[in-house]
Amino acid sequence: MAASPGPDPAPPASERPTAADGSTDARSARRVQMLATEHWGLLAACSTAQVEVLTRITIFLTLVSASLLTIGVLGQATRFDGWFTGAALAILAFLSVMGLLTLFRVMNVAEEDLMYVLAMNRLRGAYVELDPEIEPYLLASSADDRDSIDRTYSFLRTRTWSHLLGSSGILLLLVDTCVWGLFLGGIALAAGVPLGWSIALGAVLAIGLAAIPATFAFRNFERNWERYVPRRTSTPPPYLRPGA
């Protein structure tokens, strides 16, 4: 009579369940590795976008500086007469288009940066779910709702208007508004409008134009949060005193 088979050998220690959900050490290690790979990919993409948009801003500001210098040289060469008006308006029209394109890119990168930070917050939440004991050591948020973005961008205090006013987008919008004002005021002056009225008309129209991309960016920001469903919600930071 053949001997009956013995019991199945016990699985290696690395394959035995070690968590309430039945996860094993090997499975948890694989999850951490995949999450870390995705995290590094997001960091690389975020860094690439930031470098690219800063280069675009630098190119535009260099063009503005060189163009205004060129207009000054042309004015001295032509004594601000003859073909000077047409040349100056052509240069300002080119700057206006370049400024608008650069501003669109800055707004898109700001949205991309929000997207990357939100994704990394979500991955950080996955790390906490795998090992809850690491959460007190994280300054960046492990939640992925709207409040968590403020915490990740600014660990020690809530972001205020100073962060917005000091941003690259506002700087570029201010430069664009000045360029648009010069261009529109120059058109009015070339059409025979008195100098004072040309300056006022250019300023008013430029500010009105600047409000369009600003409103567009704000509405896109709000619309994105209306569509997004967070996985984890924020809690008060454990490293700050209550009410501080």
Side-chain angles (χ1 to χ4, degrees), residues 38-61 63-64 93-126 140-184 202-235 237:
E38 175 69 8
H39 204 149
W40 281 109
L42 292 171
L43 285 171
C46 182
S47 176
T48 301
Q50 291 293 332
V51 171
E52 188 266 341
V53 76
L54 289 176
T55 302
R56 290 278 295 272
I57 293 174
T58 302
I59 292 173
F60 174 66
L61 294 180
L63 283 174
V64 171
F94 170 72
L95 286 181
S96 298
V97 174
M98 287 295 296
L100 184 62
L101 296 178
T102 305
L103 182 60
F104 281 150
R105 183 55 185 154
V106 170
M107 292 191 301
N108 288 338
V109 169
E111 187 173 357
E112 291 175 17
D113 186 69
L114 173 65
M115 174 182 69
Y116 292 134
V117 171
L118 193 62
M120 286 186 278
N121 277 10
R122 199 177 180 102
L123 291 178
R124 207 173 288 111
S141 179
S142 59
D144 57 323
D145 59 355
R146 186 165 180 169
D147 291 338
S148 69
I149 294 299
D150 287 336
R151 174 177 164 187
T152 297
Y153 276 129
S154 181
F155 296 154
L156 299 181
R157 68 183 179 95
T158 303
R159 291 193 300 169
T160 61
W161 284 99
S162 66
H163 292 83
L164 176 62
L165 295 177
S167 65
S168 299
I170 293 298
L171 170 65
L172 187 61
L173 185 61
L174 177 61
V175 175
D176 278 343
T177 303
C178 293
V179 171
W180 297 337
L182 288 172
F183 176 56
L184 295 172
V204 171
L205 291 178
I207 294 174
L209 284 176
I212 296 176
T215 303
F216 177 77
F218 176 76
R219 288 183 177 177
N220 270 350
F221 178 79
E222 294 294 332
R223 191 178 299 115
N224 286 336
W225 284 116
E226 290 173 359
R227 299 173 57 188
Y228 180 73
V229 179
R231 179 180 175 85
R232 292 167 59 93
T233 55
S234 299
T235 56

Taking atom [atom1] of [X] and atom [atom2] of [Y], what is their separation to the nearest 0.5 Å?
X      : Y      : atom1 : atom2 : result
Phe104 : Leu101 : CZ    : CG    : 7.5 Å
Asp147 : Ser141 : CG    : OG    : 9.0 Å
Ile170 : Trp161 : CD1   : CH2   : 8.5 Å
Met98  : Leu63  : CE    : CG    : 5.5 Å

Heavy-atom closest pair (Leu173 atom, Pro213 atom, distance to 0.1 Å) is CD1-CG, 4.2 Å
What are the two closest heavy atoms between Gly169 and Val106, and how far apart are they? CA-CG1, 3.7 Å
Short question: side chain of Ser142, backbone of Gly125 - any donor-acceptor pair under 3.5 Å?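 Checked: no pair found.
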What I want to check is whether the side chains of Tyr153 and Asp113 have a donor and an acceptor closer together than 3.5 Å.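 Short answer, yes.
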Determine whether [X] and [Y] make a side-chain contact, defined as any pair of heavy atoms from C-beta on separated by less than 4.5 Å.
X      : Y      : result
Leu209 : Thr177 : no
Leu114 : Phe221 : yes
Leu118 : Arg122 : no
Leu95  : Trp180 : no
Asp176 : Phe60  : yes

Tell me whether Tyr228 at atom OH has more than 12 heavy atoms from other residues, nucleotides or ligands lying less than 6.0 Å away.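 Enclosed: over 12 neighbouring heavy atoms sit under 6.0 Å from OH of Tyr228.
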Tell me the salt bridge (Lys or Arg N to Asp or Glu O under 4.0 Å) pairs involving [range], sequence neighbours left out?
range            : value
residues 205-227 : Arg146-Glu222
residues 43-61   : Glu52-Arg56, Glu52-Arg105
residues 149-167 : Asp150-Arg159

